[in-house]
Amino acid sequence: MWLKDSSVGRKVIMSVTGLFLILFVTFHVLMNAVAIFWPCAYNIVCEFLGANWYALIGTAVLAAGFIVHIIYAFWLSYQNKKARGNDAYAVSARPKSVEWASQNMLVLGIIVVCFMVVHLIQFWAKMQLPEVLGQSVEEGTHYLDAAFACPVTLVIYLIGFAALWFHMTHGFWSAFQSLGANNKTWLPRLQCISSAWATVVCVLFAVEAIVFAVRAMTGGTCTFCF
C-alpha cells in the first residue's frame, strides 16, 4: 500500500495526523479558557468528557493519531538521515525564520511527547482513567489546582509550549506542502498562517498556565461560579 510503502505516502500520513492533532490542540486551548472565565462550566465539560462511550472513542482516536504520528516521525527521520545524512526534514523553499525548527523537528517532537506524558500523568491518569476503573473523581478544577500549586509544573509547561510552538510553526505549513500546496502563491500564505496560528495557540496556553499557577498558589476563585 503506497501510504506506508512510499516516502510520499508516509509524508501524507504524517501531514494528516499532524493537522488532526493541531485541531485537537486548538480545541484544548479553548477548553482551558473556559476554566479561567467560568470554572463551573469547565467542571461540567470535564464531567461530560468523562468515561462516557463517546469520550472513550474520542480518546482512542486521539491516542491512535498521536501514536501513528510519532511512529512515522521516527520512521521518516531514520530514512531521511540514512538517505541524506544530517539533512532530515529538509524541504525546498525553506524560509529562514523556521530553518532551525525544520532541522530539529524530531528533537522538538520528543520534547513535546515528554511534556504530553507529564500532562497525561497529571490529568488523564487522575480524571478519566479512574472513571474507567469505576472509581470516583474530583471536579476538573481540583486537578488544575493540584498540578499548578507546584511552581515546577509551570516551568515544565512553559518549556513544553515553547517546543510546541516551534513544532507547530514548521509542521503546520509543511503538512500542507506535503499534501500538494507547494506553489509560490500559497506556500508563503500558509507559512504566515502557521506562524500566526501557532503563536496565538501557544501564547494562550502559556497565559492560561500562568493564571492557573497564580490561582492555585494564592487560592483565588472565580466570581462567575455560583
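Please read all numbers here as calculations on a predicted model, not as lab measurements.
What you find for G140 and C46 is that their closest heavy atoms are CA-SG, 4.0 Å. Taking all atoms of both residues into account, the shortest heavy-atom contact from A33 to E208 is N-OE2, 3.3 Å. When all heavy atoms of A216 and A149 are compared, the pair lying nearest together is CB-N, 3.7 Å. Looking at every heavy atom in both residues, V29 comes nearest to V201 through CG2-O, 3.6 Å. Between R215 and A35, the shortest heavy-atom contact is NH1-O, 3.1 Å.
Side-chain rings of F37 and Y42 stay apart, their centers remaining 6.0 Å or farther from each other. Checked against the 6.0 Å centroid criterion, the rings of F148 and Y157 qualify as a close aromatic pair.
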Verdict with reasoning, F161 to V203, per side-chain contact (heavy atoms from CB on, under 4.5 Å): CA-CA 8 Å; F161 296 146; V203 167; over 6 Å; no
Residue pair L62, F20: steps toward the side-chain contact (heavy atoms from CB on, under 4.5 Å) verdict: CA-CA 9 Å; L62 180 62; F20 166 70; 4.0 Å; yes
H142 vs V137, side-chain contact (heavy atoms from CB on, under 4.5 Å): CA-CA, chis, key distance, verdict: CA-CA 10 Å; H142 167 82; V137 296; over 6 Å; no
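Side-chain heavy atoms closer than 4.5 Å link hydrophobic residues (I, L, V, M, F, W, Y) into clusters, and following such links, even through other members, never connects L144 to V155. In the hydrophobic clustering of ILVMFWY residues, with side-chain heavy atoms under 4.5 Å counting as a link, V200 and L190 come out together. One hydrophobic cluster, built from ILVMFWY side chains closer than 4.5 Å, holds both F115 and L120. Residue L19 is not grouped with residue L23 when hydrophobic side chains (ILVMFWY) are merged at heavy-atom distances under 4.5 angstrom, including chains of intermediate members. Hydrophobic clustering of Ile, Leu, Val, Met, Phe, Trp and Tyr side chains at less than 4.5 Å, counting indirect connections, unites L30 with F48.
Between atom CD1 of residue I159 and atom CG of residue L164 there is a gap of 13.5 Å, rounded to the nearest 0.5 Å. Note that NE2 of H28 is 12.5 Å distant from CG of L21, once rounded to the nearest 0.5 Å. The CD1 atom of I156 lies 13.0 Å from the NE2 atom of H119; values are rounded to the nearest 0.5 Å.
A heavy-atom distance below 4.5 Å is not found between the side chains of I36 and N32. Under the 4.5 Å side-chain criterion, counting only non-hydrogen atoms from C-beta, T153 is not in contact with V118. Taking the side chain as every heavy atom from C-beta outward, L154 and F212 never approach each other to under 4.5 Å. The side-chain heavy atoms of V25 and F205, taken from C-beta on, include a pair separated by under 4.5 Å.
Counting heavy-atom neighbours within 6.0 Å of E139 CD, excluding the residue itself, gives a total of 12 or less.
For N43 (side chain) and T141 (main-chain N/O), a donor-acceptor pair under 3.5 Å exists by modelled atom type. Side-chain atoms of S194 come within 3.5 Å of backbone atoms of Q191 as a donor-acceptor pair (strictly under, hydrogens ignored). Side chain of Y143 to backbone of M127: no donor-acceptor contact under 3.5 angstrom is found. Using modelled atom types, no side-chain atom of S195 and backbone atom of T169 make a donor-acceptor pair closer than 3.5 Å.
Side chain to side chain, T59 and W124 fail the donor-acceptor criterion of an N or O pair below 3.5 Å.
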